[in-house]
Structure formats: structure tokens, C-alpha cells
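Heads up, the thing below is written out as C-alpha cells.
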2 protein chains.
Amino acid sequence: MVVPTYEEAERKLRKYLALRGLRCTVERLAILKEVLEHKGHPSAEEIALQLSSGPLYVSRATVYRTLDLLVETGLLTCSTLGESHRHYEVHADHHDHLICRSCGRVIEIRSPEMEKLQDRICKENDFETVSHSLEIIGYCSRCRNGDQRENKGD
Amino acid sequence: MVVPTYEEAERKLRKYLALRGLRCTVERLAILKEVLEHKGHPSAEEIALQLSSGPLYVSRATVYRTLDLLVETGLLTCSTLGESHRHYEVHADHHDHLICRSCGRVIEIRSPEMEKLQDRICKENDFETVSHSLEIIGYCSRCRNGDQRENKGD
DNA sequence: GTCCCTGCAAATTTTTTGCAGCCTT
DNA sequence: AAGGCTGCAAAAAATTTGCAGGGAC
């Protein structure tokens with residue numbers, strides 16, 4: 001799976017909603033678009049802020065409710081990245097996170113082997129995956145080599 | 001690595017503290033012991049509650065501060081298990097979590113292959129691991145087979 | 001004796017919820 | 001027209017912080 005275009009994502013969302021008699025609202029589309037276009041791993045707060053600079057006001061309550069919904073659909077995934085609040089991102093090709101405790105940088109890792117292995121583990125446990133999140137917390141190469149400058153990767 | 005005994009854990013904690021000129025207090029030892037003895041994946045709230053039935057009162061502030069510290073030392077790991085607050089557990093042998101979205105059950109998975117793979121990924125990225133957390137969210141075998149009864153695994 | 005740690009209390013941050021009216025279907 | 005969805009406002013839940021006194025070393 002590659003990063004879906006906004007069109008693909010919207011199609012998938014509409015389908016999910018229609019199937020359950022739910023409504024496709026401008027707020028839901030705006031939030032989906034916002035996360036799709038965001039580089040990095042925005043929090044609910046960041047999504048709300050970003051939207052507030054656009055033409056459509058969306059309340060925090062709706063942002064939270066919609067992010068939950070989008071995770072439900074499988075369009076987004078959610079992780080904490082070592083912080084005390086959630087971060088969201090497009091559920092694109094399978095990737096994992098190395099999070100540096102010193103500088104906060106988030107390194108994305110793509111590993112087909114990891115993907116295969118996770119698939120196998122789920123199969124062995126008769127478990128149907130919706131989403132997954134691997135976070136490895138530690139110290140990145142820069143920080144291990146003495147470069148301590150803050151360089152937040154998100 | 002296997003689950004450390006309380007003695008091993010205490011030794012490791014004392015060493016960590018001594019090295020940094022920090023104090024080894026009864027509160028810190030009590031919290032460490034509490035997590036060690038807890039079956040499952042307690043939250044800060046649960047630790048505080050549990051302690052309050054013992055002889056030593058420990059404030060929430062101290063519970064939060066100490067859990068942070070214990071994660072720092074590498075004695076505990078922290079994950080959200082799909083919820084909006086943190087859960088803690090002993091950093092024992094490498095294992096991952098399958099979390100059922102329907103019944104909340106947490107299935108622990110041990111995979112030497114996964115461990116090797118994660119080690120390799122870290123090495124390739126010149127990344128020094130402190131802790132890690134793999135959460136796979138989906139539907140467990142029971143729930144997929146129509147058994148919807150609530151059966152929280154913690 | 002030094003200075004780290006604790007409890008307290010309050011503040012902050014993050015997430016959830018009830019309700020009345022609006023909007024999608 | 002029906003009923004899901006939104007904003008509002010408030011509540012709840014989770015986490016952090018400043019400070020004065022107590023305790024570890």
C-alpha cells in the first residue's frame with residue numbers, strides 16, 4: 001500500500017459511511033484532507049489549529065470525534081510517539097517509528113520483512129488487523145554522537 | 001531477558017539512582033514493587049489506587065513522577081493499548097501486544113524473530129534502543145467468531 | 001547540612017459528553 | 001421528514017507544576 005491520494009481516501013470514507021447509514025459532512029472531509037496534507041504526525045490540537053486558519057470552522061469536539069472515526073475506517077493510524085497525547089497519520093504503507101528521547105526526532109522505518117512478520121503473527125493468532133503501531137524509543141545517531149541540538153522531526 | 005525478580009529490579013534502580021546522585025525513597029521502591037507484582041498493564045491511576053490500600057500513602061504526583069523515572073531507567077515500558085492514557089509494565093523479555101477493539105483483550109506475543117528484526121533495524125539506523133512498543137489493533141479470534149462478551153484482558 | 005523528593009493544591013492539557021438545532025440523505 | 005452530526009459549554013480524565021517542609025545521603 002502506498003500513500004493514498006485524497007481522492008482515493010475520500011472514496012473509501014464515503015463508502016464506509018454509506019454502508020452504515022452515516023453522513024458525509026464537510027467537516028469530516030476537511031479533517032481527512034488536513035491529515036492527508038500534513039507532513040508529519042499532527043495531534044488533534046494541531047489539526048484543529050490548522051483548520052482554524054481555513055474557511056471552515058470545526059470545533060474540537062468534532063475533530064476528536066472525526067479522528068476516532070477515521071481510525072475506525074482504517075484510513076488513519078494513531079500513536080503517541082512517546083508523548084502524553086495522540087498523534088495521527090495516514091495509514092499508508094506499513095512503517096514504524098524510531099523516536100529519539102533526546103531530540104524528539106521521529107524516524108520512519110519501512111521494512112517489508114517486518115510487515116510479513118506481523119502478518120504472520122496475526123494469522124497464527126487468528127487475529128484480524130485494523131492498524132498497528134511500532135514505536136522504538138531511544139537515542140538517534142545524531143544525539144549519540146554528541147549533537148544535542150533540538151531538531152524536532154515533528 | 002526474563003521477568004526480573006523484585007530484588008534484581010531494586011538493585012538496578014539503586015544503581016541508576018546512585019550514579020546520578022538521586023535518592024532511593026520508600027515511595028519509589030513501593031511503586032516499583034507494585035508494578036512488578038501487578039498482573040497486566042496498570043495505569044498510573046491503578047497503581048495509585050492499589051498503593052492506597054497499602055500502608056504507605058503515595059500521592060498521584062509522585063506516582064506520575066516515579067513512573068516516568070522508572071521508564072527512564074529501562075525497568076518499565078509504557079504503552080497506551082489503544083486507550084487515551086498510559087499503561088505500564090515490567091520491561092521483561094521482548095513482547096508485543098495484540099489489542100482487540102471489540103472486547104479489549106490484550107494478547108501478549110513473544111517472537112524471537114521480531115526481536116532480531118528490531119535489533120537489526122536499530123543497528124542499521126545507528127539507533128540505541130531504550131524501549132519499544134508494538135501494538136496491533138484489530139479483532140481477536142473470539143470476537144471474530146461471534147463471541148462478543150466483554151472480556152477485558154486488562 | 002545539602003539538596004533531592006514528597007504531598008498539596010492548583011493549573012494545564014487532553015479527551016469526552018449532553019443537548020438543541022442544523023444538515024445530509 | 002428522519003435521524004445523524006455539529007458547536008457549545010461543561011465535565012471528566014490525565015498529566016504537570018510551584019512551593020514549603022521532610023528525608024536520604
Side-chain angles (χ1 to χ4, degrees), chain A residues 10-11 13-35 41-52 54-73 76 78-88 104, chain B residues 10-11 13-35 41-52 54-73 76 78-88 104:
Chain A
E10 179 175 332
R11 212 174 307 131
L13 175 58
R14 284 186 182 280
K15 194 168 158 190
Y16 181 93
L17 295 171
L19 221 56
R20 284 152 235 255
L22 303 175
R23 308 289 147 80
C24 185
T25 65
V26 282
E27 289 84 358
R28 287 175 177 178
L29 293 177
I31 291 167
L32 175 60
K33 192 164 198 174
E34 195 54 50
V35 181
H41 309 86
S43 62
E45 184 62 23
E46 286 170 320
I47 298 294
L49 265 174
Q50 193 63 41
L51 281 172
S52 71
L56 177 69
Y57 175 78
V58 182
S59 70
R60 297 260 135 159
T62 296
V63 170
Y64 276 102
R65 286 187 279 229
T66 301
L67 288 171
D68 280 353
L69 173 74
L70 293 175
V71 170
E72 284 269 330
T73 68
L76 302 187
C78 166
S79 42
T80 64
L81 304 183
E83 304 195 352
S84 60
H85 58 269
R86 295 160 168 167
H87 293 261
Y88 297 85
Chain B
E10 178 176 332
R11 214 174 306 131
L13 176 58
R14 284 187 182 280
K15 193 169 160 190
Y16 180 94
L17 294 171
L19 220 55
R20 281 151 239 256
L22 303 176
R23 309 288 148 80
C24 186
T25 65
V26 282
E27 289 85 356
R28 287 177 175 173
L29 293 177
I31 291 168
L32 175 60
K33 191 163 198 176
E34 195 54 51
V35 181
H41 310 85
S43 62
E45 183 62 23
E46 287 170 321
I47 298 294
L49 266 173
Q50 193 63 41
L51 281 172
S52 70
L56 176 69
Y57 176 79
V58 182
S59 71
R60 301 255 137 158
T62 296
V63 170
Y64 276 103
R65 287 187 278 229
T66 301
L67 287 171
D68 281 353
L69 172 74
L70 294 175
V71 170
E72 285 269 330
T73 67
L76 302 188
C78 165
S79 43
T80 63
L81 303 184
E83 303 194 354
S84 59
H85 58 270
R86 297 160 168 167
H87 293 261
Y88 297 84

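A, B, ... follow the sequence lines: proteins, then strands. Residue 1 opens every chain.
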Could you tell me the separation between the CG atom of L49(A) and the C1' atom of dT14(C), rounded to a whole number of Å?
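Rounded to the whole Å, the gap is 14 Å.
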Rounding to a whole Å, what distance do you find between R23(A):CZ and dT24(C):P?
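Spelled out: CZ on R23(A) to P on dT24(C) is 10 Å.
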Closest nucleotide of DNA chain D for V58(A) versus for E45(B): which of these residues is on the 5' side?
V58(A)
Report the residue (A61(B) or L22(B)) whose heavy-atom-nearest nucleotide on DNA chain D is the more 5′ of the two.
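Nearest-nucleotide comparison on DNA chain D picks A61(B).
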Quick one: [atom1] on [X] to [atom2] on [Y], what's the gap to the nearest 0.5 Å?
X: T80(B); Y: H85(B); atom1: OG1; atom2: NE2; value: 9.0 Å
X: L67(A); Y: R86(A); atom1: CG; atom2: CZ; value: 9.5 Å
X: Y88(A); Y: L81(A); atom1: OH; atom2: CG; value: 11.5 Å
X: H41(A); Y: E83(A); atom1: NE2; atom2: CD; value: 11.5 Å

Determine whether I31(B) and L51(B) make a side-chain contact, defined as any pair of heavy atoms from C-beta on separated by less than 4.5 Å.
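A side-chain contact exists here, since the closest heavy-atom pair is under 4.5 Å.
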Can you sort out the partners of [X] under side chain to side chain contact (heavy atoms under 4.5 Å, CB included), two or more places apart, ordered by chain and number?
X: L17(A); answer: L13(A), L22(A), C24(A), R28(A), L69(A)
X: S59(B); answer: Y57(B), A61(B), T62(B)
X: R23(B); answer: T25(B)
X: A18(B); answer: none

Rounding to 10 degrees, work out the angle separating the end axes of the helix from dG1(C)-dC25(D) to dT25(C)-dA1(D) (five pairs an end).
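Its terminal axes enclose an angle near 50°.
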Set of salt bridge (charged side-chain N to carboxylate O under 4.0 Å, His left out) partners for E34(B), sequence neighbours left out:
none
Nearest heavy-atom approach of L56(B) to V26(B) is CD2-O, 3.9 Å
Mind listing the closest non-hydrogen atom pair of T73(A) and L70(A) along with its distance?
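Shortest heavy-atom contact: OG1-O, 2.7 Å.
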Sorted by chain and residue number, the side-chain hydrogen bond (donor to acceptor under 3.5 Å, both in side chains) partners of E45(A) (sequence neighbours excluded) come out as R60(A)
Checking R14(B) now: which residues fulfil side-chain hydrogen bond (donor to acceptor under 3.5 Å, both in side chains) with it, not counting sequence neighbours?
E10(B)
Of all nucleotides in DNA chain D that come within under 4.0 Å of a heavy atom of chain B, which is furthest toward the 5' end and which toward the 3' end?
dA14(D) to dC25(D)
So which of residues 63-70 of chain A are in contact with DNA chain C, with a heavy-atom cut-off of under 4.0 Å?
Y64(A), R65(A), D68(A)
Of residues 13-21 of chain A, the positions that come close to DNA chain C - non-hydrogen atoms, cut-off under 4.0 Å:
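Result for residues 13-21 of chain A: none.
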Using only atom types and a distance under 3.5 Å, with no angle test, would you say the side chain of E46(B) pairs donor to acceptor with the backbone of S43(B)?
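Yes: the side chain of E46(B) pairs with the backbone of S43(B).
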Return the residues of residues 25-34 of chain B meeting this criterion: a heavy atom under 4.0 Å from some atom of DNA chain D. Order them by number, or give none.
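Heavy-atom cutoff 4.0 Å gives no residues at all.
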Could you check S84(B) against R60(B) and say which one's nearest nucleotide on DNA chain C is further toward the 5' end?
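The 5'-side residue here is R60(B).
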